[in-house]
Amino acid sequence: MYLDSAATALKPQTVIDAEKKYLEQYSSNVGRGLYPLAETATEKFEAVREKIARFIGAADTQEIIFTSGTTASINLAAGLLAESVHPADNIVVTEMEHHSNYLPWKELAKKCGASFHVIPITGEGAIDIATLKNSIDERTKIAAFSAVSNVLGTINPVEKFVAAIKGINPQTLVLVDAAQAAPHMRIDVSLWRADFVAFSGHKMFGPTGVGVLYGKAALLETFPPIVFGGGMVFDACAEDTRYREIPYRFEAGTPNIGGVIALGAALDYIENIGFTNIRAYETALTAYAQKRLQETFDDAIRIIGPKDTKDRGGIIAFSLKNIHPHDIAQLLGEQNICVRAGEHCAAPLHRRFGLSATTRLSLSIYNSEEDIEKLITALKEIQKIFSVA
Ligand code: PMP
């Protein structure tokens with residue numbers, strides 16, 4: 001029983017078939033070959049770029065950079081911005097960030113001598129808009145926050161936050177980590193108005209090793225490439241090098257072609273179900289899980305994050321009195337119930353709540369109320385074992 005979709009989602013058959021078909025029937029490199037097989041691969045690869053642009057409301061395919069995942073996307077954005085950050089500047093993130101949207105900015109601030117500010121979160125695991133506004137000033141170069149927390153499940157009002165940040169300092173560049181939003185709700189970059197948006201294919205039913213960095217075209221145009229090699233250059237010689245147009249100048253080397261093509265199938269899978277249905281189903285299931293866990297374990301359980309299900313995605317991190325999360329996850333694992341235990345790559349967040357670790361279940365459209373009941377039965381057994389011990 002799989003309750004770890006925030007780590008990576010299970011893959012539908014159509015996604016597996018798309019990758020297999022590429023590998024079996026038209027495996028070749030993209031953007032270079034002039035023979036039909038390579039043309040097919042290139043067409044299919046570029047068709048996914050178009051599909052992604054439509055999927056997230058981007059104005060142009062030029063704004064879609066393929067990467068290996070959210071981590072690579074955020075590091076790429078941080079690399080592109082390295083020259084723009086100066087010692088008097090500050091970089092702002094939030095206390096709920098995954099390490100992937102925390103460490104690249106912390107390191108960038110350190111490298112540039114800029115200051116690094118972490119916006120505190122509330123006891124319910126939300127970002128207070130007044131606190132957010134107080135953290136932005138005329139020296140804020142970059143503000144980075146997640147659309148959905150991978151621990152608390154908190155859904156941040158991205159559009160509102162971006163508008164608030166830009167309202168104080170229109171020059172602040174905003175990056176949204178949409179890793180936990182992309183599989184569950186519509187990303188609309190035309191509404192969000194963030195400068196960068198990062199997400200991973202594998203959390204949205206696609207393969208691992210493929211992700212996206214969306215960047216506003218006018219902004220991307222201002223950056224030279226930072227990774228060099230094949231595929232990103234028109235002409236290279238000792239005197240002069242002419243780099244290709246965006247997004248290709250940021251995609252040096254052979255990309256994960258089969259992965260990108262299979263990600264296209266994953267987007268079709270999501271579109272066929274529809275985000276309205278996905279969100280409605282997952283919200284109802286999350287509410288059910290919250291209610292059942294709370295009423296079953298009462299004072300013994302501590303669920304962190306927003307109480308109101310409409311403010312959270314299908315992620316529930318909790319601690320059970322006197323039982324270490326690793327013991328819970330291991331004993332559940334023995335029954336083939338897959339949950340996570342630990343800090344979930346969010347150490348500052350756990351520190352904020354005075355917890356060294358939590359157990360996390362994360363839901364997707366293939367989960368059911370029956371799964372929640374099985375989990376609760378297993379947790380009750382574990383509680384019994386530890387009350388005797
Ligand atoms: N940000 C968030 C909010 C995440 O949940 C994750 C994955 N757990 C990442 C970034 C990193 O994603 P990836 O490992 O696919 O690069």
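Note that the numbering runs from 1 along the sequence shown for the chain. Quick note: numbers below take in every heavy atom, side chains included, and nothing from hydrogens, waters or symmetry partners. Whatever order the structure lists them in is the order used to number ligands and atoms, beginning at 1.
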Taking 4.0 angstrom as the limit, do Arg54 and Glu271 come out as a salt bridge?
->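 So Arg54 does not pair with Glu271 through a salt bridge.
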Arg249 bridged to Glu245 by N-O distance under 4.0 Å =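 The answer is no: the pair does not qualify as a salt bridge.
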Give every donor-acceptor pair under 3.5 Å between a side-chain atom in residues 101-124 and any protein atom, sequence neighbours left out.
| from | atom 1 | to | atom 2 | distance (Å) |
| --- | --- | --- | --- | --- |
| Asn101 | OD1 | Trp105 | NE1 | 2.8 |
| Asn101 | ND2 | Glu97 | OE1 | 2.9 |
| His117 | NE2 | Ser135 | OG | 3.4 |
| Thr122 | OG1 | Glu124 | N | 3.3 |
| Thr122 | OG1 | Gly125 | N | 3.4 |
| Thr122 | OG1 | Ala126 | N | 3.0 |
| Thr122 | OG1 | Ala126 | O | 3.4 |
| Glu124 | OE1 | Lys307 | N | 3.2 |

Ring geometry between Tyr22 and Tyr26 (parallel below 30°, tilted from 30 to 60°, perpendicular above 60°) =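 Taking Tyr22 first and then Tyr26, their aromatic rings stand perpendicular (interplane angle over 60°).
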Could you list the donor-acceptor pairs under 3.5 angstrom formed between side-chain atoms of residues 215-230 and any protein atom two or more places apart in sequence or on another chain?
| from | atom 1 | to | atom 2 | distance (Å) |
| --- | --- | --- | --- | --- |
| Lys216 | NZ | Arg193 | O | 3.3 |
| Thr222 | OG1 | Leu219 | O | 2.5 |

Please set out all donor-acceptor pairs under 3.5 angstrom arising from side-chain atoms of residues 340-348, sequence neighbours excluded.
| from | atom 1 | to | atom 2 | distance (Å) |
| --- | --- | --- | --- | --- |
| Arg340 | NE | Asp4 | OD2 | 3.3 |
| His344 | NE2 | Gly342 | O | 3.3 |
| His344 | NE2 | Thr358 | O | 3.2 |
| His344 | NE2 | Thr358 | OG1 | 3.0 |

Between ligand 1 and the protein, find all N/O pairs closer than 3.5 Å and give the distance for each.
| from | atom 1 | to | atom 2 | distance (Å) |
| --- | --- | --- | --- | --- |
| ligand 1 | 1 (N) | Asp177 | OD1 | 3.3 |
| ligand 1 | 1 (N) | Asp177 | OD2 | 2.5 |
| ligand 1 | 5 (O) | Gln180 | NE2 | 2.6 |
| ligand 1 | 8 (N) | His98 | NE2 | 3.3 |
| ligand 1 | 8 (N) | Lys203 | NZ | 2.8 |
| ligand 1 | 15 (O) | Ser200 | OG | 2.6 |
| ligand 1 | 15 (O) | His202 | NE2 | 2.7 |
| ligand 1 | 16 (O) | Thr70 | N | 3.4 |
| ligand 1 | 16 (O) | Thr71 | N | 2.9 |
| ligand 1 | 16 (O) | Thr71 | OG1 | 2.5 |

